[in-house]
Amino acid sequence: MDNEKKQTLKYNFKEIESKWQKIWDEQQLYKAPEKPGKDKYYMLVMFAYPSGDIHMGHFRNYILGDATARYQMMKGRDVLHPFGWDAFGLPAERAAIQRGLHPAEWTYKNIETSRKTLQTTGISFDWSREVMSCSPDYYKWTQWMFIQLFKKGLAYQKTGWVNWCPEDKTVLANEQVVDGECERCHTKVEKKELKQWYFRITDYADRLIDGLDMLPKWPDNVKTMQKEWIGRSYGLEVDFIIKETGEKIPIFTTRPDTIYGVTFMAIAPESPLVEKLNLVGEYREKVEKYKKEVLMRSEIDRAAAVGEKDGVFTGKYAINPFNGEEIQLWVADYVLAGYGTGAVMAVPAHDSRDFLFAKKYDIPIKIVIHPDGNTVLKLDEMDDAYTDYGVMVNSAHFDGAVGEDAIRKVNDYAEEKGIGRKKVNYKLRDWLISRQRYWGAPIPIIHCPKCGAVSVTESDLPVLLPDVENYIPKGRSPLADVPEYMNVKCPECGGKAQRDADTMDTFVCSSWYYLRYADPKNDKKPYDRDKLDPWMPIDKYIGGITHATGHLIYFRFFQKFLKDIGWVKDEEPATELFNLGMVMDAKGEVMSKSKGNVVSPIGLMDRRGIDISRLGMFFTAPAEKEVLWTDDVLVGVEKFIKNRFYPLTGKFRGADLDLKSCFKLSELDDYSKNTYIKLNQTIKRVGEDFDRLQFNTAISALMELEHDFKPDKIKSDALNDYIILKAIQLMAPMAPHLAEEMWHRCGMNDSVFRSEWPEFDPDAVKFDTVTIAIQVNGKLRSEMEMARDSAKDDVISTALEDSKVKTYTDGKEIIKRIYIANRLVNIVVK
RNA sequence: GCCGGAGUGGUGGAAUUGGUAGACACCAGGGACUUAAAAUCCCUUGGAUCGCAAGGUCCGUGCCGGUUCGAGUCCGGCCUCCGGCACCA
């Protein structure tokens, strides 16, 4: 080989990558049409929070989306593959405080840096549709969304006990409290009683659960997590009566069959029910003291104290409406104010928590369920409650009723007598969306002394975030200290009024961004349905599992609400969800700036090239698995590309050929035929692998193909070139620059991404001779070559002739002959 | 505690519905080329064992049992790890 030729085959990734990025950009290769044709593909990756620069986790996420988008493009679909920035949020404010920068400045700087990195990766985003949630032309519509919810009564204010982060000095949603700590700064979360804004997501609880059954392409673990998070349970609400006053206190139970075993009642200390008891004297003091004590306990302490129960007796008694029995009324920490009615009927014999409590305070225990007709529970032998279903005893006319049937009978009786009603309860709480912070979308509400809370007139949107001088959190929104902002006229009566000073949780911003991509510049409405509808639903949504019970519930909620008010057509936003695995450092630790173990994709791409970096990431593990990153994972693919795959262009002969045609097997010599078959098997495998995001095996398949393909042995120029071009196409979604360069070196003029994705020749996906394994009694003993689809009898008689097989079958009786077509024979002898 | 998921060579991982376990790589070892090194190429590479060799034999997918002609895959019981929930009545 002469020097000149060697030179042209050197894989100069820097030159190749920058060249094609420039050309693709000029050609607007990734620009999605305003409205897609029939065959559309909406490829969505979760947008990014701009904190510094993109890291390896983002890189992995986005190359998965990119390869999918390019693959769909080649399959002839109109692809929407947009990107944007989840740009409001606390870290920007913290940076503002620490560095004396405006949060906007910090945010926009990070967006610049991150966008540049992403553009360097050559990811096929349609940048003309980029959105930023902190920009007024975006948050205008976040505010519009709020107003629509408000109009329907789904955004409302209420006073209640909320999670409060003393460090960030703001309230947090339940989802933002992890193990009793603020998920951002890990400070212990406190409870405060405050008036806050909520979205009535609980109205959608049933649809959020039931909708999961319409999502076969969502991973089961996410669906299970959402179901448990929403926590639907069916039960009975029973009215207990306060003895003194005759007032009713309803309780919720999922075990109505244990109602005759109630020996006390317990109320949550912070429940308003406690007030209703009108306690006086020593009991009032005791209960007040206890309540204060409990509120001092942090979430962590309360969580850690599971198993330890305490409470105080109120001196009051309640009456069980089923049997008229008088029971003690306690206040106890283990009862949650926010679930059910804030009060429980306690059945120590059949509930472990009630059992512990009753033992501790010497409250009677009454057995009303026996495991079955023959087993009888004995109180002095019990060291825990019996909580399984069983036979009702000591329960008046219900005695003998069993399990779910028993529950049904008790429920019916309660409804008939008017002492209770069937009820569904949820663990899910309404979504607390107000934040006492600066860097968020202002809540578009004006508080008027006469008219109350009034929404800002839609034509006055956006409510612009004003500049403030001081971001230091004081426990109220920094906006409250800006009089020009706060003091406005009431949109209804024109009188003096004040704006709501709070901003919205950033999860509100991210609950609808996928809709804005369809029409990102619209200043008349959030989007035009004519533009949105043809793209929806999202065909594939790729992101981390961390959002399973947060964002992925919120955005489904928004979709359902918008469907109800006629702004979207689908019940569910995304047909398929894919959770990618995390990228850790070599020791298995999460990469973080403070640990100094962050591997930057930009450095990597600079040293090894974008396509090698992508292939290394793809090859090292299946996409859903965690990856421990070292540059070592690149060694194999780098050698393959540099020494094997890229040099294939040097073997191209420039034949005149039609890529859509097939070769006739009968006209090929043995080697050519086998290679042609291998090619078609590879086409089939790679396509199937792409469909399930299994890029690691797709690369293996291409390595095998290259290994088997020896151009020197291929006589037909057309076949030789055909194999090379198809291999380039199969590689293209994973290594775009490399493939494009090779494609053009082989004389193609248009982009490889506008070429048609290879289809396999159905006649050529199987060899016409097959290797059949021969087992005797299930153990592999030999193998043989047979014509494909040979008759069963022929295959078995050939197998029986095999000399190795004979040594195992001689002199033995053959009881069974099993043949699995084209794969295996099993001879069973005795 | 409850609910998911996983456990395969020295390593990352293949095996799409029960049908030849370990594809494809990495690492390691050996060889070729070279004055030498790097690079490149070729060979070996689950364990044990027999054989000069060609080639056999036995064991082997966390552990114990089961179903089946046949189990990494299905069933029952256990162990370990990871993730989620965590007093939800």
Side-chain angles (χ1 to χ4, degrees), chain A residues 179-180 219-229 231-233 235-236 251-255 258 265-266 268 302-309 332-336 338-347 350-354 356-357 387 425-429 545-546 548-549 579 582 588 616 619-622 624-628 630 632-637 639-640 642-643 685 688-689 691-692 694 696-704 706-707 771-783 804 807 814-830:
Chain A
D179 294 331
D220 285 333
N221 60 340
V222 172
K223 288 192 277 189
T224 307
M225 279 161 74
Q226 293 205 351
K227 269 182 199 160
E228 284 177 5
W229 187 264
R232 177 164 61 191
S233 58
L236 183 70
I251 57 87
F252 175 75
T253 179
T254 53
R255 291 298 302 275
T258 64
M265 182 169 172
R302 282 179 90 160
V306 171
E308 285 169 49
K309 314 262 166 279
D333 189 18
Y334 77 93
V335 183
L336 304 173
Y339 182 78
T341 63
V344 299
M345 66 177 211
V347 186
H350 305 294
D351 181 287
S352 302
R353 296 153 301 183
D354 300 343
L356 281 172
F357 195 86
T387 57
N425 256 310
Y426 305 89
K427 286 193 213 174
L428 183 74
R429 310 290 152 86
I545 185 75
T546 43
T549 55
N579 294 121
M582 293 226 286
F619 188 62
T620 187
E624 68 279 6
K625 274 199 77 163
E626 185 176 277
V627 158
L628 306 189
T630 45
D632 296 349
V633 309
L634 299 175
V635 173
V637 288
K639 279 200 269 189
F640 173 65
K642 285 187 175 167
N643 304 329
R685 273 175 70 183
E688 285 164 357
D689 287 346
D691 286 331
R692 45 183 191 138
Q694 280 254 350
N696 55 334
T697 46
I699 294 169
S700 299
L702 284 167
M703 285 172 163
E704 281 182 47
E706 188 286 326
H707 182 83
T771 308
I772 292 173
I774 311 173
Q775 296 182 336
V776 179
N777 286 346
K779 290 199 174 179
L780 181 70
R781 295 303 178 190
S782 185
E783 47 184 45
K804 283 178 215 144
T807 61
I814 295 170
I815 358 183
K816 224 170 183 178
R817 300 164 171 87
I818 289 146
Y819 175 54
I820 305 298
N822 299 319
R823 303 203 76 157
L824 162 148
V825 170
N826 190 10
I827 311 292
V828 185
V829 296
K830 200 161 74 178

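In what follows, chains carry the letters A, B, and so on, assigned in the order in which the sequence lines appear, proteins first and then strands, with residues in each chain numbered from 1. None of these values were measured; they are calculated from a predicted model.
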Establish, with yes or no, whether the OP1 or OP2 oxygen of B/C59 is under 4.0 angstrom from a side-chain nitrogen or oxygen of A/K779.
-> yes
Sequence neighbours excluded, which residues qualify as side chain to side chain contact (heavy atoms under 4.5 Å, CB included) partners of A/K223?
-> A/L212, A/W218, A/D220
Reckon A/Y339 has a side-chain N or O less than 4.0 Å from the OP1 or OP2 of B/A89?
-> yes
With sequence neighbours excluded, residues passing side chain to side chain contact (heavy atoms under 4.5 Å, CB included) with A/I772 | A/V770, A/M784, A/M786, A/V795, A/Y819, A/V825
Watson-Crick/G-U partner (both atom distances under 3.5 Å) of B/G60 | none
Could you measure between the two C1' atoms, the one in B/U67 and the one in B/G76, and give it in whole Å?
-> 11 Å
Which pairs, protein N/O on one side and nucleotides 4-6 of chain B N/O on the other, fall under 3.5 Å?
none

Output all residues satisfying salt bridge (Lys or Arg N to Asp or Glu O under 4.0 Å) with A/R255, sequence neighbours left out; order by chain, then residue number.
-> A/D257
Contacts of A/R232 meeting salt bridge (Lys or Arg N to Asp or Glu O under 4.0 Å) (sequence neighbours excluded), chain-then-number -> A/D206, A/D210
pair_partner(B/C41), Watson-Crick or wobble, both distances < 3.5 Å, evaluates to B/G31
Answer with base, sugar-phosphate or nothing: what part of the nucleic acid does A/D632 contact at a heavy-atom distance below 4.0 Å?
-> nothing
Distances for protein N or O near nucleotides 20-23 of chain B N or O, under 3.5 Å:
| residue | atom | partner | partner atom | Å |
| --- | --- | --- | --- | --- |
| B/U20 | O2 | A/E783 | OE1 | 3.1 |
| B/U20 | O4 | A/T771 | O | 3.4 |
| B/A23 | O2' | A/E704 | OE2 | 2.9 |

If we take the C1' atom in both B/G10 and B/G29, what is their distance in whole Å?
-> 13 Å
For A/V335 and A/A266 the tightest heavy-atom approach is CG2-CB, 3.6 Å
When the ring planes of A/F357 and A/Y334 are compared, do they come out parallel, tilted or perpendicular, using 30° and 60° as the limits?
-> tilted
Might you list the N or O atoms of the protein lying below 3.5 Å from N or O atoms in nucleotides 43-51 of chain B, with each pair's distance?
none

Across all chains, not counting sequence neighbours, the side-chain hydrogen bond (donor to acceptor under 3.5 Å, both in side chains) partners of A/E783 are none
Residues forming a salt bridge (Lys or Arg N to Asp or Glu O under 4.0 Å) with A/D354, sequence neighbours excluded | none
Who pairs with A/T546 by side chain to side chain contact (heavy atoms under 4.5 Å, CB included), at least two apart in sequence or on another chain?
-> none
Assign A/V335 to base, sugar-phosphate, or nothing according to its heavy-atom contacts below 4.0 angstrom with the strands shown.
-> base
C1' gap between B/G51 and B/A39, integer Å | 40 Å
So what does A/V828 hit on the nucleic acid, given a heavy-atom distance under 4.0 Å: a base, only sugar-phosphate, or nothing?
-> sugar-phosphate
For A/N826, enumerate each residue passing the side-chain hydrogen bond (donor to acceptor under 3.5 Å, both in side chains) test, keeping only those at least two apart in sequence or located in another chain.
-> none
Length of the CD-P vector between A/E624 and B/G83, whole Å | 17 Å
Paired with B/C2: which nucleotide, if any, by Watson-Crick or G-U wobble criteria at under 3.5 Å for both distances?
-> B/G84
With both distances under 3.5 angstrom, what nucleotide forms a Watson-Crick or G-U wobble pair with B/C24?
-> B/G12
As its Watson-Crick or G-U partner within any shown strand, both distances under 3.5 Å, B/G7 has B/C79
Nearest heavy-atom contact between A/A548 and A/M225 is CB-CE, 3.4 Å
Within the structure, does a side-chain N or O atom of A/S233 lie under 4.0 Å from either OP1 or OP2 of B/A89?
-> yes
N-glycosidic conformation, B/G9 - syn within 90 degrees of 0, else anti = syn
In whole angstrom, give me the gap between the C1' atoms of B/G12 and B/G18.
-> 27 Å
Residue set satisfying side chain to side chain contact (heavy atoms under 4.5 Å, CB included) with A/K830, at least two apart, ordered chain then number -> A/E813, A/I815
Please state whether the phosphate of B/G12, meaning OP1 or OP2, lies under 4.0 angstrom from any side-chain nitrogen or oxygen of A/K625.
-> no
Pairwise side-chain contact, A/T630 with A/V633, heavy-atom cut-off 4.5 Å (strictly under) = yes
Sorted by position of nearest nucleotide on RNA chain B, 5' first, the leading residue of A/N826 and A/G636 is A/G636
Do A/K427 side-chain and B/C85 base share a donor-acceptor contact under 3.5 Å?
-> no
Whole angstrom value for the distance that separates C1' of B/A86 from CG of A/L428 | 17 Å
